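I have placed the structure first, in the form of structure tokens, so that the comments after it can refer back to it.
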Amino acid sequence: VRPSDGKIRFPCAVGVRSSIKRTSDLSTANPSASMIAGIGFCFVASLAYVLWRNSRRYNLKDIRGPPSHSFWLGSEKVIRSATQTGDLEFQWVREYGPTWMAKGCFGEEILWTADPRALQYIFHTSGYKFSKRTVANEITRLFTGESILVTDSDDHPRHRKIMNPAFGAAQLQTFLPIFRHSAARLSQKWKDIIQSGEKAEGCIINVNETLARMTLDVLGEVAFDHQFGVLNNNGVDNELVQAFNNLFADSLLHPPSWDLLFQSTWRYIPQSILYYLKYLPYREYRRFSTYKQTAIRTGRALISEKAAGTEKGSKDIMSILVQSNLLTDARSQLSETEILSQIATLLVAGHDTTATTLTWLLCELSKHPEEQQRIRDEIKATRAQAEARGDDDLLPSDLNGMTFTNAVIKEVLRFHPIVPTLVREANSDDVIPLAQPIETKSGKIIHELPISKGQGITASICTYNRLKSIWGEDADQWNPNRFLDGNMERSSLGVFANLMTFSAGIRACIGWRFAVLEMQAVLVELIENFEFRFPEGVEIIRLNAGLMIPMVAGKMHEGAQMPLQVSVVS
């Protein structure tokens, strides 16, 4: 054991590295019995070390928080199994304030915070001093490979510099016609479904499914100049769509206790051993591995389409990424494995997150028909202004100028953040400042919190997005007008609308402008053509499967879905 870096050095690891020739990250070889035995040994040794290490930590002993639900699992199992994501955290913030301590597996003390100054310090001010936790990194590596999402402080700036040109504001404006065209195709598909139905007033449509197909088609065109064409036939014969279907629900929803315990030891296991996680024959690892293999094959095929060379001036994201890579110093260029990993990342992050957010948006609007009409009136007025100046369609500036429509988009990003929590770990001893002082168990009022190296931190995005001190007394209610009345507390957290939904700081979502513009274009098309109503007798539950996904109560076995009553605007 080397306490200085918190890693366990296993004698068996030397033998593994010397006797096993490590294949490419894209390899599909089967694990050997010796490797499974090695992982088992690592688990047992790590368990002993975790118990010893956690018994000697005192930093958070005086911080209030919920009682541990289990000696072995702490509160981890209860949080991950919550019926409505965030409800436990909302309860705890009311009881303990925006910063509290909750026990993790094996008694580990996890610092939870939604405090804006603490989040500002962790994500903005200190940046790379708080790295992603091993579990989050290794799970992400399972389905994206060596992508920008798993890079450390040394590699992340290199990846970001090469990818930035593809996501600039000016570049994204060229994608608007594709967003608009794809939304129109979705609109026509829904009209065909409604016209073929028996009821003239509309029919029930699972909007989540078709939105996901549309956003995948969008991504094919804007990212790779490729026609996936999955919206037409719902992707029944597309292996990429099949790999996507309920990927996160099958992999991360309601993990078994043994898996939570196993994952809690990863931070003490060398990366050379964790490399073989993808071969484990269990649900989470098998589904993610299958997706990555499919995404990599798709990426290779897409690259082959451009084998003759990327034409100068090509505007799709992959072409710009390749051009940017070629213009970079050879020592800083992305490798082939890294480029393929970026493709796997774009495929999953570039469509599923936007589709799910739009799903939640339509859900909320279906409960507020007056807001749908208000958006239609705003669209009509904006179109009249565009026609008056001689434009056939809306420009990005028109979309940005639609104040209530954009307020609705901001509100859904606040109310239903697609990623409810982000996890970090302190790389050194530090002191975290607090905007809202907290009372400790001993009765002290503290304005800052000293932490030790290795301290696990969970940033509760869904809780921050509902802090009454930021968003007002009605923070727990849907109200787009909060972004129009100017009464909110102002701060500079996040990259968009003071929200943490796209993360913040140097690791903020690189495609946030892409997502916002796509949502603007799709929302305008759908609200202009359809009315949405929430069906009677349906209960939607909000579950944490890595992403905040919607499911129908009593029908969780059917996967993510959002059935809404959809009718054509008269």
Side-chain angles (χ1 to χ4, degrees), residues 59-60 63-65 86 89-90 92-94 96-102 110-133 136 149 151-153 156-157 160 410-411 413-415 417-440 445-472 475 482-483 486-513 515-516:
N59 297 62
L60 303 184
I63 304 302
R64 296 191 305 154
E89 293 94 306
F90 303 154
W92 291 339
V93 78
R94 288 192 294 268
Y96 308 112
T99 301
W100 66 93
M101 185 272 286
I110 306 295
L111 178 66
W112 283 71
T113 188
D115 185 284
R117 187 173 299 170
L119 296 176
Q120 177 83 17
Y121 183 78
I122 293 167
F123 289 90
H124 278 277
T125 308
S126 297
Y128 293 128
K129 290 174 64 177
F130 291 87
S131 59
K132 295 183 179 181
R133 301 210 78 185
L149 299 181
T151 51
D152 57 21
S153 58
H156 185 263
R160 189 97 183 187
K410 292 172 184 177
E411 182 69 351
L413 291 169
R414 183 193 74 86
F415 207 59
I418 190 65
V419 179
T421 59
L422 294 171
V423 292
R424 293 292 187 266
E425 184 171 298
N427 295 340
S428 60
D429 293 352
D430 212 325
V431 178
I432 297 179
L434 302 176
Q436 182 173 329
I438 59 173
E439 182 179 355
T440 65
I445 303 298
I446 61 174
H447 299 261
E448 58 184 22
L449 185 61
I451 59 171
S452 61
K453 177 182 178 180
Q455 175 62 58
I457 301 169
T458 298
S460 182
I461 308 307
C462 58
T463 305
Y464 164 77
N465 282 0
R466 296 202 190 187
L467 283 183
K468 292 183 179 180
S469 59
I470 300 291
W471 308 103
R482 76 180 73 253
F483 289 97
N487 294 328
M488 294 185 303
E489 178 73 20
R490 296 299 176 186
S491 64
S492 57
L493 192 57
V495 294
F496 181 67
N498 195 28
L499 297 162
M500 276 291 292
T501 306
F502 292 112
S503 188
I506 52 180
R507 288 190 179 272
C509 174
I510 196 172
W512 72 268
R513 291 185 182 89
V516 170

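Everything numeric in this text was worked out from a predicted model, so none of it was measured.
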**Message:** So, taking the atom named CD1 in Ile110 and the one named CD in Glu425, what distance separates them when rounded to the nearest 0.5 Å?
**Reply:** 9.0 Å
**Prompt:** About how many Å separate CD1 of Ile457 and CG of Leu449, when rounded to the nearest 0.5 Å?
**Reply:** 8.5 Å
**Request:** Please determine if Glu439 and Arg64 form a salt bridge, counting it only when a charged side-chain N lies under 4.0 Å from a carboxylate O.
**Result:** no
**Message:** I need the Thr440 OG1 to Ile445 CD1 distance, nearest 0.5 Å.
**Reply:** 7.0 Å
**Asked** Tell me, do Gln455 and Leu60 make a side-chain contact under 4.5 Å, heavy atoms counted?
**Response** yes
**Item:** Distance-minimising heavy-atom pair for Ala435 and Pro437
**Value:** O-CD, 3.7 Å
**Asked** For Ala475 and Phe415, which heavy atoms make the closest approach, and how far apart are they?
**Response** O-CE1, 4.2 Å
**Asked** What distance do Thr458 atom OG1 and Leu111 atom CG have between them, rounded to the nearest 0.5 Å?
**Response** 8.0 Å
**Request:** Begin with the C-alpha distance, continue with both residues' side-chain angles, and end with the deciding distance and a verdict on side chain to side chain contact (heavy atoms under 4.5 Å, CB included) for Ile470 and Arg414.
**Result:** CA-CA 11 Å; Ile470 300 291; Arg414 183 193 74 86; over 6 Å; no
**Item:** Pro98 side chain near Tyr464 side chain, heavy-atom distance below 4.5 Å
**Value:** no
**Prompt:** Any sub-3.5 Å donor-acceptor pair from Asp429's side-chain atoms to Ser452's backbone N or O?
**Reply:** no
**Prompt:** According to the interplanar angle, ranging from 0 to 90°, do the rings of Phe483 and Trp471 count as parallel (below 30°), tilted (30 to 60°) or perpendicular (above 60°)?
**Reply:** tilted
**Prompt:** Does one side chain, of Asn465 or Thr501, offer a donor that lies under 3.5 Å from an acceptor on the other?
**Reply:** yes
**Item:** Nearest atoms (heavy-atom pairs only) where Cys462 meets Gly86
**Value:** SG-CA, 3.9 Å
**Prompt:** At their closest point, which heavy atom of Ala508 faces which heavy atom of Arg160, and how far apart are they?
**Reply:** O-NH1, 2.7 Å
**Fill in**
Heavy atoms of Pro157 and Asp152 approach each other most closely as CD-O, 4.4 Å
**Prompt:** Is there side-chain contact between Cys509 and Ser503, with heavy atoms separated by less than 4.5 Å?
**Reply:** no
**Asked** If we only count heavy atoms from C-beta on, is the Tyr128 to Ile506 side-chain gap below 4.5 Å?
**Response** yes
**Stepwise side chain to side chain contact (heavy atoms under 4.5 Å, CB included) check, Trp92 with Thr463** = CA-CA 10 Å; Trp92 291 339; Thr463 305; over 6 Å; no
**Request:** Could you check whether the rings of Trp512 and Phe502 sit parallel, tilted or perpendicular, using 30° and 60° as the cut-offs?
**Result:** tilted
**Item:** Side chain proximity check, Arg133 to Arg424, heavy atoms < 4.5 angstrom
**Value:** no
**Item:** Short side-chain to backbone donor-acceptor contact, Lys410 and Arg482, under 3.5 Å
**Value:** no
**Message:** If only side-chain N and O atoms count, and only distance matters, is there a donor-acceptor pair under 3.5 Å linking Asp115 with Thr99?
**Reply:** no
**Complete:** When every non-hydrogen atom of Asn427 is compared with those of Ser131, the smallest separation belongs to OD1-OG, 2.9 Å
**Request:** Please examine the side chains of Val93 and Trp112, heavy atoms only from C-beta on, and report whether any two atoms are closer than 4.5 Å.
**Result:** no
**Request:** Apply side chain to side chain contact (heavy atoms under 4.5 Å, CB included) to Arg507 and Thr151, showing your working.
**Result:** CA-CA 10 Å; Arg507 288 190 179 272; Thr151 51; 4.1 Å; yes
**Residues Ile432, Thr113; criterion side chain to side chain contact (heavy atoms under 4.5 Å, CB included); working and verdict** = CA-CA 10 Å; Ile432 297 179; Thr113 188; over 6 Å; no
**Prompt:** Do Ile446 and Ile63 have side-chain heavy atoms sitting under 4.5 Å apart?
**Reply:** yes
**Asked** Ser126 side chain to Tyr121 main-chain N or O, any donor-acceptor pair under 3.5 Å?
**Response** yes
